[in-house]
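Shown next, in structure tokens, is the structure this report addresses.
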2 protein chains.
Amino acid sequence: MQRSSSAFSYSLETEQLARFAKALGHPARIIILKHLSNQSCCYTGDLLEVLPLAQSTVSQHLKELKDAGLIEGEVLPPKIRYCIHTKNWNIASKLFKKLFEEDFNEIKCC
Amino acid sequence: MQRSSSAFSYSLETEQLARFAKALGHPARIIILKHLSNQSCCYTGDLLEVLPLAQSTVSQHLKELKDAGLIEGEVLPPKIRYCIHTKNWNIASKLFKKLFEEDFNEIKCC
DNA sequence: AATATTAATCGTTTATTTGCGATAAACAAT
DNA sequence: ATTGTTTATCGCAAATAAACGATTAATATT
């Protein structure tokens with residue numbers, strides 16, 4: 001996984017979009033997010049009943065979603081209540097929308 | 001990476017969305033897609049001038065986008081012209097839109 | 001037939017991801 | 001103080017991803 005030595009970097013927007021997409025790149029995490037956005041509102045690890053995964057694995061997925069900024073957790077002993085991180089969720093929404101709306105209708109050659 | 005032995009499977013839609021997202025989960029592939037959807041229309045490996053990556057690596061990324069169904073390549077010797085796979089691109093667009101529009105405005109608790 | 005161009009594929013290395021069980025941490029309730 | 005509940009973290013194994021250079025394949029051009 002070496003990288004060419006030149007000091008190249010992708011644009012922040014590109015990096016951000018890729019980071020969000022990567023976080024969405026696993027069925028379990030899609031389900032978690034659907035749960036959080038669908039369901040009345042916040043949630044915790046009763047995801048265990050929805051997902052075919054061990055507790056530690058689900059915890060790991062939650063961590064990745066948190067690291068990507070898509071969810072946030074409120075410590076509410078002994079439970080933790082997870083919610084969509086509304087602000088970043090909206091940013092993600094805009095970035096994806098922008099990607100797919102890229103004016104590529106204008107000319108069509110294939 | 002074992003999996004619990006029960007014959008669980010995610011819904012097709014969830015799998016599909018995750019597959020698309022995963023393909024979008026790398027900055028280089030975002031750039032390729034923006035190029036294809038932005039730029040007049042189709043394209044080939046002059047992506048090499050845009051990306052800080054070796055030819056073989058770019059080829060690999062193109063393959064992943066193709067496997068995910070997001071692009072298609074027309075052999076036009078000795079070059080290959082890559083294009084957005086319009087049909088699947090639209091499906092992806094819809095799936096992401098749906099995810100982000102999940103009626104989660106109704107109740108807000110955090 | 002020989003050469004040049006373009007892109008895919010092979011083989012390798014390193015890093016990251018996915019998954020699990022076991023253990024630890026944090027706190028409420030007894 | 002002990003116990004129970006919930007979640008995070010650790011340590012490990014296996015799988016996948018990312019990157020590269022070298023090689024091959026396909027086809028135009030000379």
Side-chain angles (χ1 to χ4, degrees), chain A residues 1-10 14-15 18-32 35-36 42-68 70-83, chain B residues 1-10 14-15 18-32 35-36 42-68 70-83:
Chain A
M1 248 196 104
Q2 310 92 301
R3 179 48 95 40
S4 22
S5 51
S6 64
F8 180 93
S9 78
Y10 298 103
T14 296
E15 293 272 14
R19 202 171 307 122
F20 284 142
K22 194 171 184 181
L24 294 173
H26 191 290
R29 296 196 288 269
I30 295 282
I31 292 197
I32 293 174
H35 227 86
L36 291 182
C42 309
Y43 236 76
T44 166
D46 4 34
L47 295 160
L48 289 181
E49 292 166 19
V50 183
L51 293 168
L53 298 170
Q55 182 265 319
S56 59
T57 306
V58 172
S59 187
Q60 179 60 24
H61 283 304
L62 287 167
K63 179 170 155 47
E64 274 167 55
L65 287 172
K66 205 163 45 177
D67 289 348
L70 289 173
I71 67 175
E72 55 191 336
E74 184 191 1
V75 185
L76 210 57
K79 299 195 175 188
I80 294 185
R81 181 199 268 177
Y82 281 104
C83 314
Chain B
M1 250 198 104
Q2 309 91 303
R3 180 49 96 39
S4 21
S5 49
S6 65
F8 181 94
S9 77
Y10 298 103
T14 296
E15 295 272 13
R19 202 170 307 122
F20 285 142
K22 194 171 186 182
L24 294 173
H26 191 291
R29 294 195 290 268
I30 295 283
I31 292 198
I32 291 173
H35 229 84
L36 291 181
C42 309
Y43 236 75
T44 164
D46 7 34
L47 295 161
L48 288 180
E49 292 165 20
V50 183
L51 293 168
L53 299 170
Q55 182 264 319
S56 58
T57 306
V58 172
S59 187
Q60 181 59 25
H61 282 304
L62 286 168
K63 178 170 157 48
E64 273 167 56
L65 288 172
K66 205 164 46 178
D67 288 349
L70 290 173
I71 66 174
E72 54 191 338
E74 182 191 2
V75 185
L76 209 58
K79 298 194 175 188
I80 293 185
R81 183 198 265 176
Y82 280 104
C83 313

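From a predicted model like this one, the values you see are computed outputs, not experimental measurements. Chain A is the first sequence line, chain B the second, and so forth, proteins listed ahead of strands; every chain is numbered from 1.
Nucleotide C:dT18 holds its C1' atom 16 Å from the CD1 atom of A:Ile31, rounded to whole Å. The nearest whole Å value for the distance from the CG atom in B:Leu65 to the P atom in D:dA17 is 13 Å. The nearest whole Å value for the distance from the CD atom in A:Glu64 to the P atom in C:dT16 is 12 Å. The CG-P distance, from A:Leu51 to C:dC20, rounds to 10 Å in whole Å. For the pair B:Asp67 CG and C:dA8 P, the interatomic distance rounds to 12 Å; values are reported in whole Å. For the pair A:Arg29 CZ and C:dT17 P, the interatomic distance rounds to 9 Å; values are reported in whole Å. At whole-Å resolution of the value, NZ in B:Lys63 and P in D:dC20 are 18 Å apart. As rounded to whole Å, 10 Å separates atom C1' of D:dA18 from atom OH of A:Tyr10.
For B:Thr14, the side-chain hydrogen bond (donor to acceptor under 3.5 Å, both in side chains) partners are B:Ser11, not counting sequence neighbours. A search for side-chain hydrogen bond (donor to acceptor under 3.5 Å, both in side chains) contacts involving A:Lys63 returns A:Asp67, not counting sequence neighbours.
Residue A:Ser59 places its side chain closer to D:dA8 than to any other of D:dA18, C:dT18, D:dA8. Across D:dA19, D:dA8, C:dA8, the shortest atom-to-atom separation from the side chain of B:Ile80 is found for C:dA8. Listed nucleotides: D:dA19, D:dA8, C:dT9. Nearest to the side chain of A:Leu62: D:dA8.
When every heavy atom of B:Ala23 is checked against every heavy atom of B:Leu70, the shortest pair comes out as CB-CD1, 4.0 Å. When every heavy atom of A:Tyr10 is checked against every heavy atom of B:Ala28, the shortest pair comes out as OH-CB, 3.6 Å.
In terms of phosphate contacts, B:His61 brings no side-chain nitrogen or oxygen within less than 4.0 Å of OP1 or OP2 of D:dA17. Under 4.0 angstrom from either OP1 or OP2 of D:dT16 there lies no side-chain N or O belonging to B:Lys22. Distances shorter than 4.0 Å separate some side-chain N or O of B:Tyr82 from OP1 or OP2 on C:dA8.
Aromatic ring pairs are classed by plane angle as parallel below 30°, tilted from 30° to 60° and perpendicular above 60°; the pair B:His61 and B:His26 is tilted.
The shortest distance between side-chain heavy atoms of B:Leu24 and A:Leu24 does not fall below 4.5 Å.
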Subject >> Per-nucleotide protein contact string for nucleotides 21-30 of chain D (B base, S sugar-phosphate only, - none; heavy atom under 4.0 Å) >> reply: BB----SS--

Subject >> Test side chain to side chain contact (heavy atoms under 4.5 Å, CB included) applied to A:Leu47 and A:Leu53, step by step >> reply: CA-CA 9 Å; A:Leu47 295 160; A:Leu53 298 170; over 6 Å; no

